[in-house]
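Reviewing the structure listed below.
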Amino acid sequence: MMKKMSISTSKTSLVLFLCQIISALDVPLDSKLLEELSQPPTITQQSPKDYIVDPRENIVIQCEAKGKPPPSFSWTRNGTHFDIDKDAQVTMKPNSGTLVINIMNGGKAEAYEGVYQCTARNERGAAISNNIVIRPSRSPLWTKEKLEPNHVREGDSLVLHCRPPVGLPPPIIFWMDNAFQRLPQSERVSQGLNGDLYFSNVQPEDTREDYICYARFNHTQTIQQKQPISVKVFSMDSLNDTIAANLSDTDIYGAKPVTERQPVLLTPTGSTSTKVELRGNVLLLECIAAGLPTPVIRWIKEGGELPANRTFFENFKKTLKIIDVSEADSGNYKCIARNALGSVHHVISVTVKAAPYWITAPRNLVLSPGEDGTLICRANGNPKPSISWLANGVPIAIAPEDPSRKVDGDTIIFSHVQERSSAVYQCNASNEYGYLLANAFVNVLAEPPRILTPANKLYQVIADSPALLDCAYFGSPKPEIEWFKGVKGSILRGNEYVFHDNGTLEIPVAQKNNAGTYTCVARNELGKIQNEVQLEIKDPTMIIKQPEYKVIQRYGQVSFECIIKHDSTLLPTVTWLKDNDELPDDERFLVGKDNLTIMNVTDKDDGTYTCIVNTTLDSVSASAVLTVVAAPPTPAIIYARPNPPFDLELTGQLERSIDLSWIPGDENNSPITSFVIEFEDALHEPGVWRYQTEVPGSQTTAQLKLSPYVNYSFRVIAVNRIGRSQPSEPSEQYLTKSASPDENPANVQGIGSEPDNLVITWEPLKGFQSNGPGLQYKVSWRQKDVDDEWTSVIVANVSKYIVSGTPTFVPYEVKVQALNDLGYAPEPSEVIGHSGEDLPMVAPGNVQVHVINSTLAKVHWDPVPLKSVRGHLQGYKIYYWKVQSLSRRSRRHIEKKILTFRGNKTFGMLPGLEPYSSYKLNVRVVNGKGEGPASPDKVFKTPEGVPSSPSFLKITNPTLDSLTLEWGSPTHPNGVLTSYTLKFQPINNTHELGPLVEIRIPANESSLILKNLNYSTRYKFYFNAQTSVGSGSQITEEAVTIMDEAGILRPAVGAGKGYSEILFATSPVMHTVRPTFYKVQPLYPRIRNVTTAAAETYANISWEYEGPDHANFYVEYGVAGSKEDWKKEIVNGSRSFFVLKGLTPGTAYKVRVGAEGLSGFRSSEDVFETGPAMASRQVDIATQGWFIGLMCAVALLILILLIVCFIRRNKGGKYPVKEKEDAHADPEIQPMKEDDGTFGEYRDRAGAATSQITEDTLSSSLQPSITAVTQFPVCLPHMMRCFFEEKGYRVSLGKKCNF
C-alpha cells in the first residue's frame, strides 16, 4: 500500500502532461480568426543544415516565419551577430528573413563560408533556425602522375587504381574508353566502391590502352578525366612462342600453363574489419576476390538472417546493400568467396550508431490564464543524446525568470500561467553524430467565445437520415456549448441527440417533427455568444412504378416506365442508362417524363436499362432487362406470361382470418397453374411484400390467416408455364386488433464473455410477431442446482442482456419471455447456460512417460479436478521438445511440438521421436478460454535404434587385385555404433552373382583395402552400420578391378617440369580366365526393416525380406499393451507390403511380419499409432483399377515403340560383327556359338568385345539389303534378342536369321 502512495517527480510530470492534453486549446484553422489572434513566431522554411552551394551562383539562405504581429529577422554568423547592412553583397528579402549573397557581381563564395543562424522575433517571443553550414562545392583537377603500362600474365589478378581528387561533395566515379563507351563489367571485372577497377583474373581480351577513370562533380556539373591506363595481357601460347624463338632445340623450355587458383580477397584485406554506419542510412559492404575460375561471392550474417525487404545485392553480389539500417542490423557480416579450388572469407563487424531522432517533439501550447501545461522533448540516439532548453533563443539557465515555469530534464512544467508567460522555447537534442532543434511556443490567450459557423445556416436532410448541425467555436478559456430548439426552447438532452466535442449536434434519425430553428450557445468566463441554424426535413424520393422486364420482337417498339414520388420542394432529374453507360446517341431512343421508348428495336438494343433519379439530397434507381428476339416468319400462337389479376375484394373479416377474392387476367395462351398471394405490413414494414400462400390456378378465392396488430394489404400474382405475371393492384388495407404475443424469442443462449458475467442473447421477434405495440422482453435467470429465486429484468426490443458479477463458470437457467402493452406471451422454456470461463488454475499431476520403443512413447497423467478447469474441458495439450542427441552430445535450436488430445483423456502417444535422444515434456489442460499452467517438465530418454545408412561409400585406387573403400559415418547414428558390415560379391556380364563374402569392421574405422580380388571383375558392395539394437539401412556401390597393369604408361624421362601426364591405353590382349559364377542365395532367411505409415483407420506395412523365393507372408497385429491374441492377415502373393484396414483412430498398435512354412520365423515387433478421428482420408492410388490399367497401357505402348525404333535402325543393314566374325574366325569366339546357328554371345563393352568394328565395316552396315526386309517377320525375335543383349540381358531364341 505504501508503495502505491509514493509517486516520483517523473510520474507527476506525466500526470500534468495528460492534464495538458485535456485542457490545452485547439485553434481552428479559420483564416479570419488566425489573423486576429496574437501568436509567437514559428519558423516555416529554412535551408538544410549542411548547405553546399555552387560557387558560381548567388547564395540564397532561406528563413521564413509566421506570427502575429509579423516577426522581424536577424542573423548570426559563426556565433556572432551578422550585420548585413555593412556588407554590400548581402541583402534580405522584404517581409522575409531569407538572405541573398551576390556572388555573380564580384563576390567570392569562399569568403562566406561559415555557420549561419536565423532568429524570428515579435512581442510574444523569438524562434531560431538550425545552424546552417555554408560550404562552396569544389571540383579540383587530377594530380599529375606517371602511369606505367601494366604487363600481366593471363589468369592473374589486377587492380587499376582511380584515386580521384577530393571534392565537395565526393565525385561519382565511372570507367570508359577513348570512344566514351562504358567498359563492360561482370563477375570477373567490376568497379569497387572506392572507384578502383578490379580484375579477378585477366584474359587476353582485357588488353587495351584506354582504361580511363572519370570523376563527375554534380554540383559544378564538371567531369575530370584521368590519364589513360595501358594493360597488356600475355597468354601462355604467345609466351611459349617467345621462349621457343630464343632457345635452341636442345634447351628444355616451356612456360607453365594457366593454373587455377583458389580465391584471395583483393578488398577488404585481412580476415576482419569494422564498419560504423548511422541509423536510417544505407549500409554498403564490399568484398572483391581474385581467383581462377572467377570466385562467386556469398553473404551471411552470423547469428541471424539478413533483413528481408531491405537487403539488396549489387555489383554481381560483391556489394551488400541494406537500406534504412537500425540498431538491430549491428553484428558480424561474413562474405565468402568460393570457386572450385576452395574458399576464403572476411568478417565485417558492423556497428550502427544513431544521430538524435525524435520520440516526442515539443508541440505548440495554447493556454488560458491560470491554466497548467507541459512541454515534453524526448529524443533517442546512440549514444544517448543530451537535452538542453532555450527560451526565445537564449539558454534557459540565463533567460529571464518565469515563476510559472519549472524545468525537469526533458520536460518544462507550466502552472498558473499568465499572458506574460508567452514565449518560444527551443529543445536541442545532440550527440557526437548530430543534433535536433525544435521550436515550440507557449501562447497564453484570454479570448471571449466566438462562433465560426455562419448565422442562420440552412441544413436540409432526408427523413430517417442523420442530421448534423455545426457550431464551430473558439474561446480562451474553452467555452461550454449548449443547444436549444427554438428561440425560447429548453436545453436539449436525451438519447435522441448526440453532442460532439467540436460543438456539432447530431440527430441520428431525423423525423418531420425535428424540423425547425436550433440555437447554439457558447459561454466562458469572458462572455457569451449564440447562433441560430435552420433544419428542414424532406420526404425521400421513391420510384413507385419501376421499369419491368421486356421481351420484344426485332423491329418492334418497347417502352419502360419510371414513375417517381418526391418532396415537392426538391427538383428531381431522371437519367436513363444502358448497361451502366449513357444511352446511344440514336433518335430511336425517346426519353419522356416518366418513360423511355425505343423505336424500331434491333439486336444491339438488348441489355439492361436503368432509371436513376437524383435530387440534391438523395438518389434512387431501378433496372429492367430487355431481350430482343427474332420475329417469326409466319404468324404463330404467342405464349406469354398471364396478365395480372384484378378487382381484389376482402370479405369475412375476423380477428385472425379474412377471405380474399379476385378475377384472373388473360392467360395468354398458357393456362394459369397457380396464384401466389403476397401481403404488405404498412405498419411495420411499408413497401415490403412477403409471401402469404399459394393456391391452385382453378381457385379465385382464399381464406387467409392473420396475425394481430398488422395493417394488411394483399396482392395476387398469376403463374403459368411461361412465368409469373405482374402483381395485381393492392387490395384495401385491413388493420387487425392488438393482442399479447403468441410466441417467445428463439435461439436463447447464455454464454459468458468474461469470467464474471453471463451474456443472455436471443433472436428478437419480427414486427408482425409482436402482436401489439410496446414490444419488450422479460429476461430471467437463476443459478442452477442452487435454491435461488428467479432474477428478472424487463428490457426494450434488443437482442441481448449482460448479467454482471457472476461466479466463474457456473450453470444458469435462463429464459426470455416476450410481452407488449396487452400482456405476456406463453411461459417460455428454460435453457441452460454458463457464466464466463477463466483460464484453468491447476496443471495435470503425476505425469509419467513410458517409452515404448526408440520412436514412440506413451504419456500418462492424472486428470485435473473439474472445478479447477473453470470452463468447458476441451482436452489436454502435451508440449514436448528434444533437448539433445545422446550420441552427439550437441545441443540444437529447441523446437517445441504440440499434441492435442480432445476430451478428458489421461494418456497420449508421442510418435516420431528420434532414437537415443533426451526429451522434455509438460502437460496442460485446455478450456474455451485458453491453456492452464504447465506441469513440471518431465525428462525422458529414447533407447537406441538402428542407424541410418552410412553417409557415403567411395571406392578408389583400383588395381589388379585390390580396391580401397572409404565411407562416412551415418548421418543419424541413433545410438552408439558397434561395427560396420561389408558384404560383396562378383558380378559377371549377364548379371549373375558370385559367392557373397561378409566382413565385420570396427566402428572406429573409415576405410578398408580389399586384396586378393579377381582382375578385370565387377564387384557389388553392400555396406551398413550396426548399433546394439541391430543393423541399419545399407548403401550399395559397384566397382571394377583393372584389366592389366601393363596398360598404364609411365611419364617420359624427359618431360618438362611444368606438369606430367599419365596416359591410359587399352590392351589388345584378351584374358579368357574367368571366375566361376552362380546364382547366390541369402545366407539365411530373415525379415527386417518393418516400417509403418499410419492414417486414421488404416496403416501401410512394408518390410525387407532375404531368403528363399516365393515365400508366402502374413501380418500379425493387435492393440499395444493388450493381452488379446494376435490378429492374422495373409498377404496375397510375395509382395513386401500390406494395408491393414478397419483400425480405430487414435490407437496404438503392435505389428510383426512372418513367412509361412518357416516355423517361428518372424520379424521384430513394431509399434505405431493411428491418426486422430478428424484426419482426412487418403486414397492409395496404387490400388486403384484405373491406375493399374493406365500403367499397363503405357508399358505396352513403350514396348511397341522400342520394336519400331529397332526395326527402323536395322532396316536394310548388314550385321557387321557377324561378317567380321566370319572373316577372322577368332578361335576364342568360335566355341561360344551354338550348333543350331543362332547368334554367338558377345561380351559387353566393359569387358572385351571379341571383334573390332572399323570404318569400313561401319559404312558397309549402312548399305541397303532386300534380304533383311523380306525376312523381317521371321527375324523380328532375333532383332529383339540383339537389342536386349546390347542392353545387358541374356536371351535364348530358336531359329537363326540370315541378314
Side-chain angles (χ1 to χ4, degrees), residues 27 31 34-54 57-105 107 109 111-136 361-366 375 388-396 398-400 419-428 435-445:
V27 180
S31 58
L34 292 176
E35 289 177 0
E36 297 175 357
L37 295 178
S38 297
Q39 180 177 320
T42 301
I43 300 291
T44 59
Q45 191 173 2
Q46 57 183 315
S47 294
K49 295 178 181 179
D50 191 6
Y51 190 15
I52 300 176
V53 298
D54 190 337
E57 302 288 341
N58 290 341
I59 301 174
V60 179
I61 312 177
Q62 290 183 330
C63 179
E64 304 290 342
K66 65 180 181 179
K68 180 68 176 181
S72 60
F73 297 88
S74 62
W75 285 85
T76 63
R77 176 183 174 189
N78 297 328
T80 61
H81 176 68
F82 182 33
D83 191 349
I84 61 175
D85 295 331
K86 295 182 178 180
D87 193 332
Q89 302 293 336
V90 181
T91 59
M92 184 183 296
K93 290 185 177 180
N95 302 319
S96 168
T98 299
L99 294 183
V100 178
I101 303 175
N102 197 332
I103 300 299
M104 302 179 68
N105 289 335
Y112 292 94
E113 282 193 67
V115 180
Y116 294 78
Q117 188 173 45
C118 171
T119 301
R121 186 185 308 273
N122 68 9
E123 63 188 28
R124 287 192 166 255
I128 62 175
S129 70
N130 292 322
N131 287 329
I132 303 170
V133 180
I134 302 296
R135 295 185 295 170
R363 300 175 61 182
N364 295 333
L365 198 59
V366 180
L375 286 180
S388 60
W389 288 95
L390 297 89
N392 295 327
V394 178
I396 203 165
I398 60 175
E419 285 197 66
R420 64 177 180 274
S421 301
S422 296
V424 182
Y425 291 87
Q426 291 81 32
C427 173
N428 186 301
Y435 73 93
L436 293 172
L437 179 70
N439 291 276
F441 63 68
V442 176
N443 196 12
V444 182
L445 296 174

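Every value quoted in this text rests on a predicted model; they were computed, and no experiment measured them.
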Exercise. CG/L437 to CG/L390 distance, rounded to the nearest 0.5 angstrom?
Worked result: 7.5 Å
Problem set entry | Salt-bridge contact R77-E113 (side-chain N to carboxylate O under 4.0 Å) | no
Seminar exercise, completed: Sorted by chain and residue number, the side chain to side chain contact (heavy atoms under 4.5 Å, CB included) partners of T44 (sequence neighbours excluded) come out as E64, K66
Exercise. Does N102 reach the main-chain N or O of Q89 with its side chain, forming a donor-acceptor pair under 3.5 Å?
Worked result: no
Exercise. Where do V100 and T91 land on the side-chain contact (heavy atoms from CB on, under 4.5 Å) test, with the steps shown first?
Worked result: CA-CA 5 Å; V100 178; T91 59; 3.8 Å; yes
For this session: Using a 4.5 Å cut-off on heavy atoms from C-beta on, say whether the side chain of M104 contacts that of E57.
Result: yes
Problem set entry | Side chain N428, main chain Y435, donor-acceptor under 3.5 Å | no
For this session: Would you please test D50 and R135 for side-chain contact (heavy atoms from CB on, under 4.5 Å) and show each step?
Result: CA-CA 8 Å; D50 191 6; R135 295 185 295 170; 2.9 Å; yes
Problem set entry | K93 NZ/CZ over F73 ring centroid, <6.0 Å and within 45° of normal | no
Problem set entry | Interatomic spacing from CD1 in I132 to SG in C118 - rounded to 0.5 Å | 7.5 Å
Exercise. Can Q62 and Q46 be counted as having a side-chain donor-acceptor contact under 3.5 angstrom?
Worked result: no
Exercise. Would you find a donor on one side and an acceptor on the other, under 3.5 Å apart, between the side chain of N131 and the backbone of G79?
Worked result: no
Seminar exercise, completed: d(M92 CE, N95 CG) to nearest 0.5 Å is 11.5 Å
Problem set entry | Pairwise distance OG(S38) to CG(N443) - rounded to 0.5 angstrom | 7.0 Å
Exercise. Between P71 and N122, what is the shortest heavy-atom contact and its length?
Worked result: CA-CB, 4.2 Å
Exercise. Taking side chain as C-beta onward, heavy atoms only, is C427 less than 4.5 Å from W389?
Worked result: yes
Exercise. If we ignore angles and hydrogens, is there a donor and acceptor under 3.5 Å between the side chains of N130 and Y116?
Worked result: no
Exercise. With no hydrogens and no angle check, is any side-chain donor or acceptor of N392 less than 3.5 Å from a backbone partner on V424?
Worked result: yes
For this session: Measure from the side-chain N and O atoms of Y51 to the backbone N and O of V60, and report whether any donor-acceptor pair falls under 3.5 Å.
Result: yes
Seminar exercise, completed: Closest non-hydrogen contact found for A120 with I43 is CB-CD1, 4.1 Å
For this session: Taking W75 for its side chain and T98 for its backbone only, find out whether a donor-acceptor pair lies under 3.5 Å.
Result: no
For this session: Check the pair V53 / Y112 against side-chain contact (heavy atoms from CB on, under 4.5 Å), numbers first and verdict last.
Result: CA-CA 11 Å; V53 298; Y112 292 94; over 6 Å; no
Seminar exercise, completed: So CG of L99 and CD1 of I61: to nearest 0.5 Å the spacing works out to 5.5 Å
Problem set entry | I101 side chain reached by N58 side chain, heavy atoms, under 4.5 Å | no
For this session: Before giving the answer on side-chain contact (heavy atoms from CB on, under 4.5 Å), spell out for F441 and S422 the whole-Å C-alpha distance, their side-chain angles and the decisive distance to 0.1 Å.
Result: CA-CA 7 Å; F441 63 68; S422 296; over 6 Å; no
Exercise. Any chance the side chains of N439 and Q426 put a donor and an acceptor closer than 3.5 Å?
Worked result: yes
Problem set entry | Exercise: identify the closest heavy-atom pair between Q117 and S129 | NE2-O, 2.9 Å
Exercise. Measuring from I52:CD1 to D54:CG, what's the distance to the nearest 0.5 Å?
Worked result: 11.5 Å
Exercise. Do side-chain atoms of R121 reach the backbone of P41 as a donor and acceptor pair under 3.5 angstrom?
Worked result: no
